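Structure, as structure tokens:
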Protein chains: 2
Amino acid sequence: MNETISCSTCLVGSCALETLTRNELVNMEAHTYQTTFRRGEVLRKQETPVESLIYLRSGYIKEFISHENTSDQVVQIVKPRFYIGLLGLCTNSASLYSYQSVTDADVCFIDKGTFSKLIAGNGNFAREILVSLSRESIKNHKRFLSLNKTQSFGKVASLLMYLSEEVYESNSFELWLSRAELGQMIASTRESVTRALRYFHNEGIIRMLKNHISIQNQERLTEFAKRG
Amino acid sequence: MNETISCSTCLVGSCALETLTRNELVNMEAHTYQTTFRRGEVLRKQETPVESLIYLRSGYIKEFISHENTSDQVVQIVKPRFYIGLLGLCTNSASLYSYQSVTDADVCFIDKGTFSKLIAGNGNFAREILVSLSRESIKNHKRFLSLNKTQSFGKVASLLMYLSEEVYESNSFELWLSRAELGQMIASTRESVTRALRYFHNEGIIRMLKNHISIQNQERLTEFAKRG
DNA sequence: ATTATAGTGTGCGATTTATCACATTTTTGT
DNA sequence: ACAAAAATGTGATAAATCGCACACTATAAT
């Protein structure tokens with residue numbers, strides 16, 4: 001867990017901060033509140049008013065939607081050094097999604113109005129935020145489109161590649177998402193995820209031990225993601 | 001078809017233009033090239049270098065991805081007064097998607113470098129572009145998530161609502177997309193789309209006459225989109 | 001240690017969709 | 001106007017998934 005420090009000396013700040021002047025940084029600092037969440041805690045609920053932009057200093061956050069009759073949908077897993085709620089910053093006053101930490105997390109709440117004014121007043125800062133938003137959206141597009149398949153094995157394969165490449169940035173990772181949550185990421189069910197994972201394990205494509213997963217045969221997994 | 005005019009007197013320009021100074025507008029104008037496409041023409045192919053941002057003055061454009069072995073995927077239908085390729089503006093040099101006009105279209109090619117400089121130099125302009133990008137991304141998120149279902153009738157219902165609300169902005173519209181293309185929007189097949197549309201028609205939920213579709217029973221369609 | 005609770009593995013039947021085949025209609029090009 | 005090509009409608013079949021039931025395991029609480 002990182003200690004409380006100022007924006008100007010923050011070692012895990014966003015690269016957009018580098019475009020801010022000293023005065024602008026001081027201004028942001030004055031409207032930022034740092035805090036921590038423990039695994040499982042809810043940071044924000046969908047359709048509640050949003051007054052802050054959240055910056056994730058460390059930990060992983062699940063972005064999802066709850067429905068009345070059907071099961072939840074997981075939109076994405078946000079990783080450290082990314083903003084939460086950037087998509088709604090300039091458009092929505094109510095939160096589009098719910099956010100829950102899947103690990104302990106260290107976050108900063110930055111006042112939305114202040115952040116907005118910094119954007120309008122500093123084109124270079126705005127450009128950096130635009131880059132962040134673009135990257136995030138491209139990543140999500142990629143994920144959503146990769147799920148545009150009919151077979152569950154292919155969808156699970158795509159999901160594993162997403163987790164490995166975009167979230168954990170490693171071929172080997174501790175999975176702190178349940179089978180049900182994985183199913184909610186790919187419009188599938190707990191059981192189908194189990195069956196696909198077991199199949200990949202038995203085929204030697206991945207190794208599963210408790211919650212640890214490591215990808216053994218990238219090539220065959222890619223093949224499943226493409227065709228299956 | 002709209003006549004060739006300058007950015008400053010354009011009646012169908014983006015609202016972001018209003019934040020530009022006279023000099024900035026003149027600069028943009030000098031690096032903008034207006035042209036037209038006829039139905040079916042390709043504006044840009046995926047993975048080709050991108051030097052311009054495209055602004056759609058009139059007409060409708062299909063954004064899609066081609067795959068080697070499987071059928072195309074349609075990402076979205078871009079409607080008039082929206083930018084094409086905004087997502088890749090600040091990040092990619094190669095086009096993420098292919099673009100093909102589904103009607104005659106009137107477009108402007110704006111030099112990417114010029115546009116980028118305008119963003120960095122004018123925070124208010126940058127903010128407007130950020131708003132445009134956010135809105136587009138939210139719309140796409142919504143669509144992608146609405147397709148996160150397992151049943152084809154529900155997916156077709158969601159698709160009809162998307163077309164009606166986000167694209168045509170009417171309950172009644174001429175559909176110039178083939179059954180196959182509709183299938184490519186929802187990870188389904190030509191035949192399944194046909195069957196769903198016919199069912200909705202027979203149930204009186206929609207009316208279909210040639211390529212004209214009108215939604216008769218919004219409520220039941222919504223019900224299908226939610227549950228089915 | 002024991003109990004309660006949440007999560008996981010697995011078989012089976014019902015349901016749904018993809019796929020194929022082919023008739024029919026519509027559009028395109030000459 | 002006509003032929004060719006593309007798109008659409010529809011049935012039958014095969015393949016795949018969902019959803020349920022239940023056993024089992026891991027985790028948390030007392």
Side-chain angles (χ1 to χ4, degrees), chain A residues 38-41 62 67 69-74 100 102-104 147-159 174-203 206-213 224 227-228, chain B residues 38-41 62 67 69-74 100 102-104 147-159 174-203 206-213 224 227-228:
Chain A
R38 271 183 300 180
R39 179 189 164 127
E41 285 191 288
K62 176 177 83 166
H67 295 100
N69 305 306
T70 55
S71 61
D72 293 356
Q73 285 179 276
V74 177
Q100 184 180 25
V102 290
T103 62
D104 290 348
L147 298 177
N148 207 348
K149 344 183 174 311
T150 50
Q151 309 243 33
S152 67
F153 279 29
K155 293 202 283 188
V156 173
S158 292
L159 179 59
E174 287 299 323
L175 189 62
W176 9 248
L177 293 167
S178 70
R179 299 288 184 272
E181 283 173 316
L182 294 178
Q184 287 162 13
M185 294 189 78
I186 59 173
S188 186
T189 57
R190 177 181 81 74
E191 294 95 327
S192 294
V193 171
T194 291
R195 283 185 258 261
L197 288 178
R198 186 132 304 279
Y199 175 80
F200 291 151
H201 177 78
N202 290 340
E203 288 285 310
I206 64 170
R207 268 180 68 81
M208 249 194 319
L209 202 64
K210 289 235 182 196
N211 275 332
H212 191 90
I213 288 183
F224 267 98
R227 296 176 191 278
Chain B
R38 271 183 298 181
R39 179 190 163 123
E41 285 190 287
K62 177 178 83 168
H67 295 101
N69 305 307
T70 55
S71 60
D72 293 355
Q73 284 178 276
V74 177
Q100 185 179 26
V102 290
T103 63
D104 290 349
L147 297 176
N148 207 347
K149 347 184 172 307
T150 50
Q151 309 242 31
S152 67
F153 279 29
K155 292 202 282 189
V156 173
S158 292
L159 179 59
E174 286 299 321
L175 190 62
W176 7 249
L177 293 168
S178 70
R179 299 287 184 272
E181 283 172 315
L182 294 178
Q184 286 161 14
M185 294 189 80
I186 59 173
S188 186
T189 58
R190 175 180 82 72
E191 293 94 329
S192 294
V193 171
T194 291
R195 282 185 257 263
L197 287 178
R198 187 132 305 279
Y199 175 80
F200 291 151
H201 177 76
N202 290 340
E203 288 285 311
I206 64 171
R207 268 180 69 82
M208 249 193 320
L209 200 64
K210 288 238 183 193
N211 275 330
H212 190 90
I213 287 183
F224 267 98
R227 297 176 191 278

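So you know, we letter chains A, B, ... as the sequences are listed, proteins then strands, and number each from 1. Note that the structure is a prediction, hence the values are computed from the model and not measured.
When the side-chain nitrogen and oxygen atoms of A:Thr194 are compared with OP1 and OP2 of C:dG9, one or more of them lie within a distance under 4.0 Å. The side chain of A:Thr189 places an N or O atom within less than 4.0 Å of a non-bridging phosphate oxygen (OP1 or OP2) of D:dC18. Residue B:Ser188 places at least one side-chain N or O closer than 4.0 Å to OP1 or OP2 of C:dA18. Regarding contacts with the backbone of D:dT17, a side-chain N or O of A:Ser152 is found under 4.0 angstrom from either OP1 or OP2. The side chain of B:Ser192 contributes an N or O atom lying less than 4.0 Å from OP1 or OP2 of C:dA18. OP1 or OP2 of D:dC18 has not a single side-chain nitrogen or oxygen of B:Thr150 nearer than 4.0 Å.
Considering NE2 of A:His212 and CD1 of A:Ile206, their distance stands at 11.0 Å, rounded to 0.5 Å. Separating the CZ atom in B:Arg190 from the CZ atom in B:Arg179 is a distance of 10.0 Å, to the nearest 0.5 Å. Atoms CG and CD1, from B:Leu159 and B:Ile186 in turn, are 5.5 Å apart once rounded to the nearest 0.5 Å.
An angle of 60°, rounded to 10°, separates the two end axes of the helix from C:dA1-D:dT30 to C:dT30-D:dA1, each defined over five pairs.
In this structure, B:Gln151 has no side chain to side chain donor-acceptor pair (under 3.5 Å) partners at least two apart in sequence or on a different chain. Residues passing the side chain to side chain donor-acceptor pair (under 3.5 Å) test with B:Asn148: none are found, sequence neighbours excluded. Considering only residues two or more places apart in sequence or on other chains, B:Ser178 meets the side chain to side chain contact (heavy atoms under 4.5 Å, CB included) condition with B:Ala180, B:Glu181. Contacts of B:Glu41 classified as side chain to side chain donor-acceptor pair (under 3.5 Å), with partners at least two apart in sequence or in another chain: none. In this structure A:Glu203 satisfies the salt bridge (Lys or Arg N to Asp or Glu O under 4.0 Å) test together with A:Arg220, sequence neighbours excluded. Under the rule for a side chain to side chain donor-acceptor pair (under 3.5 Å), A:His201 has no partner lying at least two apart in sequence or in another chain. Residues forming a side chain to side chain contact (heavy atoms under 4.5 Å, CB included) with A:Ser71 (at least two apart in sequence, or on another chain): A:Gln184. Taking A:Thr103 as the reference, A:Tyr60, A:Trp176 meet the side chain to side chain contact (heavy atoms under 4.5 Å, CB included) condition, with sequence neighbours excluded.
Rounded to whole angstrom, the span from the CG atom of A:Leu177 across to the P atom of C:dT8 amounts to 10 Å. In this structure, the CG atom of B:Leu147 is 16 Å from the C1' atom of C:dT17, given to the nearest Å. Per the geometry, CG belonging to A:Leu197 stands 10 Å off P belonging to C:dT8, to the nearest Å. Between the CG atom of B:Leu175 and the P atom of C:dT26 there is a distance of 16 Å, rounded to whole Å. Look at CD on B:Gln184: it is 13 Å from P on C:dA18, rounded to the nearest Å. Atoms CZ (A:Arg198) and P (C:dG11) sit 11 Å apart, rounded to a whole Å. Following rounding to the nearest Å, B:Tyr199 (OH) and C:dT17 (P) show an atom-to-atom distance of 12 Å. Atom CZ of A:Arg179 and atom C1' of C:dG9 are 10 Å apart (whole Å).
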| If the sugar-phosphate is the primed atoms plus P, OP1 and OP2 and the base is the rest, what is the B/S/- string for nucleotides 20-30 of chain D, using protein heavy atoms under 4.0 Å? | BB-----S---
Contacts under 3.5 Å, N or O only, protein and nucleotides 28-30 of chain C:
none

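Counting only residues at least two apart or on different chains, the side chain to side chain donor-acceptor pair (under 3.5 Å) pairs with a member in residues 191-200 of chain A are A:Thr189-A:Ser192.
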